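What you see is a predicted model; the values in this text were computed from it and never measured.
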Amino acid sequence: MEYEAVIGLEIHAQLLTSSKAFCSCSTKFGAQPNMNTCPICQGMPGTLPVFNKRALEYTIKMALACNCSINGISRFARKNYYYPDLPKNYQISQYELPVSEHGWVIIETEQGPRKIGITRIHMEEDAGKLVHDERNPVSYVDYNRTGVPLIEIVSEPDMRTPEEASSYLKTLHSILVYLRICDGNMEEGSFRCDANVSVRPVGTVEFGTKTELKNMNSFKNVQKGLHYEINRHTEIVREGGRIIQETRLFDPTSGATVSMRSKEQAHDYRYFPDPDLLPLRVDEEWITEIKNGLPELPAEKKERFIKDFGIPPYDAGVLTASRELAEYFEEVVNYFNNPKLVSNWIMTEFMRVLKADESSVKDSLVKPAQLAELLRMIEDGKISGKIAKTVFDEMWATGFSPDKIVLEKGLLQVSDTSELESIISKILDDNPAEVKKYLDGKTQVVGFFVGQVMKASKGKANPGLVNKILSEQLSKLSA
Amino acid sequence: MKITLEQVEYVATLGRLYLTEEEKSKYLNQLDDILKYMDTLAAVDAENVEPMASPVELFNPLRDDIVKPSLPIDEALANAPALEGPSFKVPKIIE
Amino acid sequence: MSNLFNKSAHELIGLLNQKQITSVEITESVLDRIDNVESQVHAIVTLDAESAMESARRADEMLAKGESRTLTGIPIIIKDNMCFKGHRTSCGSRILENFKPPYSATVVQKIQDEGMVILGSANMDEFAMGSSTETSYWGPTRNPWRLECTPGGSSGGSAACVAACESIVSLGSDTGGSIRLPASFCGVTGFKPTYGAVSRFGLVAYASSLDQIGPFGRDVNDIALALNLICGHDPMDSTSAPVEHPDFTTFLNKSVKGMTLGAPSQFFDKIENKDVENVLVEARRVFEDLGVKFVELSLPHLDYGIAAYYIIAPCEASSNLARYDGVKYGYRAKNIDGMIDMYCKSRADGFGDETKRRIMLGTYALSSGYYDAYYLKAAKIRTLITQDFKKAFESCDAIFCPTAPAPAFRLGEKTDDPMQMYLTDVFTIPVNMAGLPGVSLPGGLSLDGLPIGFQLISSHFQESRLIQLSSAFQSHTAHHLARPAL
């Protein structure tokens, strides 16, 4: 029997507000433990929450970008469970009436685009950080992160493969980053993902028993974890076994998932409306205002790039995966209207150095106008494509203009016919054996001559011109 | 509704309370008494009544996203039962 | 001037403004009184004489410089559940035995800004859970009128302080009657404002949707002064109402002729105690003499108030009290083996019997499979009770009813029977369920000499009507002037 997987994802994204969700402490990452805490986020007796307007605005942005409907009235609820990183031992979240529901996004798959449903997007507060001592049976608690606003995006169980799940995750990641409401940093935990997985015989409608996967802190690990878990389920089911509904942790070193001995004896969260907060109202006017302020989203941008710039869908996909990169591309094209060449350069050279230096587009010393200038020099035949790469590396390192670098380093292409003629005739004179081979009909030695010319000119010889002069002189000899 | 000893134990676990055997049987009887009284509510037909979570008939106020100073670290930690540097120290969680 | 401790705040304000006395003199007089009677009453958890004297000196400076405000220099005691920066706030519990908040409750801040003199914190039932002040970790408070009786609860210390003249005024909190019941038992005036009228920021939560801070005073004039100070919108409390409150003193000594009081049959049917009945009959006669009309009312869902309350309040409490876990502040048990052991031991040692009972009850009522039958049902009943009141206020200005079924009971009388203890709140609970303002006024003494109060209730943010009616009553009676023989 063939089995298929049913996958749903729960994504937690930290919102890029300046202050926390329910108090005015800073959300800055990296402070000394407990520096960014106050009586409210430490859950001291008698303290009360007051909600951050920007957190709501950002949530609505995401909801609209994911085609969700916004509930005019929503509610905060308490999710009760004991854990030392949760100072009140309840988390302010939303339960029965979330701020938004019923959305969808389109993801790219190998079989083409697919629509994935979004059940709900709701708001909640983040927990603190626990550091476990390596030698002693103690842990250290830091509440700096406590109360940072989060949104939880719950998908429908619409995905069937780990690749689809990964594509969905990337799609949501890029929307969040495009909206500039989340920094999307998976390692620091500002973008996190849990998965619900089950398997069922192909063709059946009912779901199998699901497990919840946690701790997959990279796109790659999400795929790995899901692959492992789907195989585990399939094997158990094939052998007539039963899946136990449980939470499992992905172990990145072994690539396996392991059962988490339930940290609470029971998952009985006892949700009820938070009596410290009133029903939340979002009026139509504000929704419209936010909607009108939404930027172009990745999918729309991609379509436009294909249509307006005539670049292949693959290129458009790569370029629009990041808003900064897409905007960079557009600016370069603005200065130098050869979208395909620009796209090639960004996707190869530019992205290579970005990755190698773990740098970001906005920190790049190569400004769009300078890259455009470099590409124009290639087009004008002032430098070869190969030299251009050297120039680019120099630009990246120094921020100097390509003009200056080419001049100072004497990298201008040699397009002086007489100079090339004398170089070439000297090479032909110095290599009588190879000339003879050519005259005997072994025309492939032309490559040898070109190489020698390039060597003699330190790579600056204009390749087209070299070919032309070389064939002229060789044909003279054979005459 | 009748409450059982198992439920008393379950609820004590959820609420993170150790109970002695004596307390368990005492609470079992008292809670049973109280819950019996609560059962009078069953007589009220409230099928189509909106539940009320708060007497305030207003909507939630919102705060501007402005950072204000946090507690000075010594005040933030002054009531802590155990510390390690500026972190609260707790026993390891046994999963 | 002798016996300043005996006077009301408005009398003392007059004397202070005429420069006949100083705040230091008042404070010394009250501290002397505390010295003399506190060992019998046990109304105070933390007495801070030094800081009180310091505040009194500062108040006198304010008065001398002409920078004083209305209540500058008047001594006050706050209930032990109101955070006072740098001062122990224990909430009557071992679990907060040594907790000194690094912040003050909004009301405490207002009191300090006013230049009032905070004497210390008053005893209370642990986490305000109780009707007798017997569940306090610090031991029970005694009724100043009869030491073998309870002062009522949970703000028993705050009520007893004012009755025993250990303070001029005091603050309490009222979740199901915790101001009005002890006011009735101790023969003082106790006022519970509309939910949302006074900020809850810094009030250690018992049941967030029911808790409300209010004052105790010797008479309604002092209550009006205190309400003027503590009422008002607070951006730190999302449930605080953004309304303008009137100057409550403008409703003192006004005619009540032509006003209507409603007498709900469901309340009067329940009166079994002859003394309580006599007090109500007598109070009604006074109001009628003042030209007040009475109408019969029906509040059909009142009978379900206690059942619904003892679901909702413990549900909220079970969540509110989850934070006491020994991690960040408060009591942590010794000899612990792992995190869960630390939680369970700290909470088992740190909480008293009644608190544990309510945590258990609330946890049960919210737990999987019971939410609909308990919490949700109770929340619906709450709507019905509120609707009953709204309808009632279409035909009257305020509701007139008992505060408690009987005068103060003896210490220990109900401690083993929680259900009997809960029934003490039968007349006060519905007011909290609907978030209404209510006041308990001294209405006379029982045959054997214990105070009995009666209750007036008005619609949301109509505190002024209660002040007007109370003032008229106290202008024509002397019950509020009776003092225990301590």
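- Looking at B:Leu71, the atoms closer than 4.5 Å to chain C (heavy atoms on both sides) all sit in the side chain, from C-beta outward.
- Side chains of B:Tyr18 and C:Asp341: a donor on one and an acceptor on the other come within 3.5 Å.
- Dense packing is recorded around NZ of C:Lys270, with more than 12 heavy atoms of other residues, nucleotides or ligands lying under 6.0 Å away.
- Interface remark: of the candidates B:Ile34, B:Leu62, B:Leu58, B:Ile34 forms the most heavy-atom pairs closer than 4.5 Å to chain C.
- Between chain B and the options C:Ile311, C:Thr239, C:Leu376, heavy-atom pairs under 4.5 Å are most frequent for C:Ile311.
- Between C:Lys356 and B:Glu23, at least one side-chain N (NZ, or NE/NH1/NH2) sits under 4.0 Å from a carboxylate O, which counts as a salt bridge.
- Looking at B:Lys89, only its backbone comes within 4.5 Å of chain C, counting heavy atoms on both sides.
- Looking at C:Ile336, only its side chain comes within 4.5 Å of chain B, counting heavy atoms on both sides.
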Subject >> side chain to side chain contact (heavy atoms under 4.5 Å, CB included) assessment of C:Met360 paired with B:Ile3 >> reply: CA-CA 12 Å; C:Met360 299 274 295; B:Ile3 188 166; over 6 Å; no
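- For B:Gln30, the part sitting under 4.5 Å from any heavy atom of chain C is the side chain, from C-beta outward, and nothing else.
- Taking all atoms of both residues into account, the shortest heavy-atom contact from C:Ser367 to B:Leu14 is CB-CD1, 4.2 Å.
- Ranked by heavy-atom pairs under 4.5 Å with chain C, the first of B:Leu31, B:Asp33, B:Asn79 is B:Asn79.
- At a 4.5 Å heavy-atom cutoff, the contact between B:Phe88 and chain C is made by side-chain atoms alone.
- Counting only heavy atoms from C-beta outward, the side chains of C:Ile385 and B:Met52 never approach each other to under 4.5 Å.
- Under a cut-off of 6.0 angstrom, the local environment of NZ in C:Lys391 is sparse, with at most 12 non-hydrogen atoms contributed by other residues, nucleotides or ligands.
- Scanning both residues, B:Pro81 and C:Gly326, for their nearest heavy atoms gives CG-O, 3.3 Å.
- Both the backbone and the side chain of B:Ala46 come within contact range of chain C, each with at least one heavy atom under 4.5 Å from a heavy atom of that chain.
- For chain C, the option among B:Val44, B:Val8, B:Thr20 with the highest count of heavy-atom pairs below 4.5 Å is B:Val44.
- No other option in B:Leu77, B:Leu19, B:Asn60, B:Thr40 has as many heavy-atom pairs under 4.5 Å with chain C as B:Thr40.
- Summarising the geometry, atom NE2 belonging to C:His301 is positioned 10.5 Å from atom CG belonging to B:Leu41; distances are rounded to the nearest 0.5 Å.
- Checking side-chain atoms of C:Arg347 against main-chain N and O of B:Arg16 turns up a donor-acceptor pair under 3.5 Å.
- Ranking B:Ala43, B:Ala12, B:Pro51 against chain C, the residue ahead of the rest is B:Pro51, based on heavy-atom pairs under 4.5 Å.
- Within the 4.5 angstrom heavy-atom criterion, only backbone atoms of C:Asp416 (N, CA, C, O) approach chain B.
- For the pair C:Thr383 (side chain) and B:Val49 (backbone), a donor-acceptor distance under 3.5 Å is absent.
- For C:Lys100, the NZ atom is loosely surrounded, since the number of other residues' heavy atoms within 6.0 Å does not exceed 12.
- When all heavy atoms of C:Ser209 and B:Ala53 are compared, the pair lying nearest together is CB-O, 3.3 Å.
- Within a 6.0 Å sphere centred on CG of C:Asn335, heavy atoms belonging to other residues, nucleotides or ligands number 12 at most.
- For a residue to count as touching a neighbouring chain, one of its non-hydrogen atoms must lie under 4.5 Å from one of that chain's; by this rule C:Leu436 does not touch chain B.
- Proximity to chain B is limited to the backbone of C:Asn98, based on heavy atoms less than 4.5 angstrom apart.
- The OH atom of C:Tyr374 sits 8.0 Å away from the CE atom of B:Met38 when rounded to the nearest 0.5 Å.
- Residue B:Asp32 holds its CG atom at 12.5 Å from CE of C:Met419, rounded to the nearest 0.5 Å.
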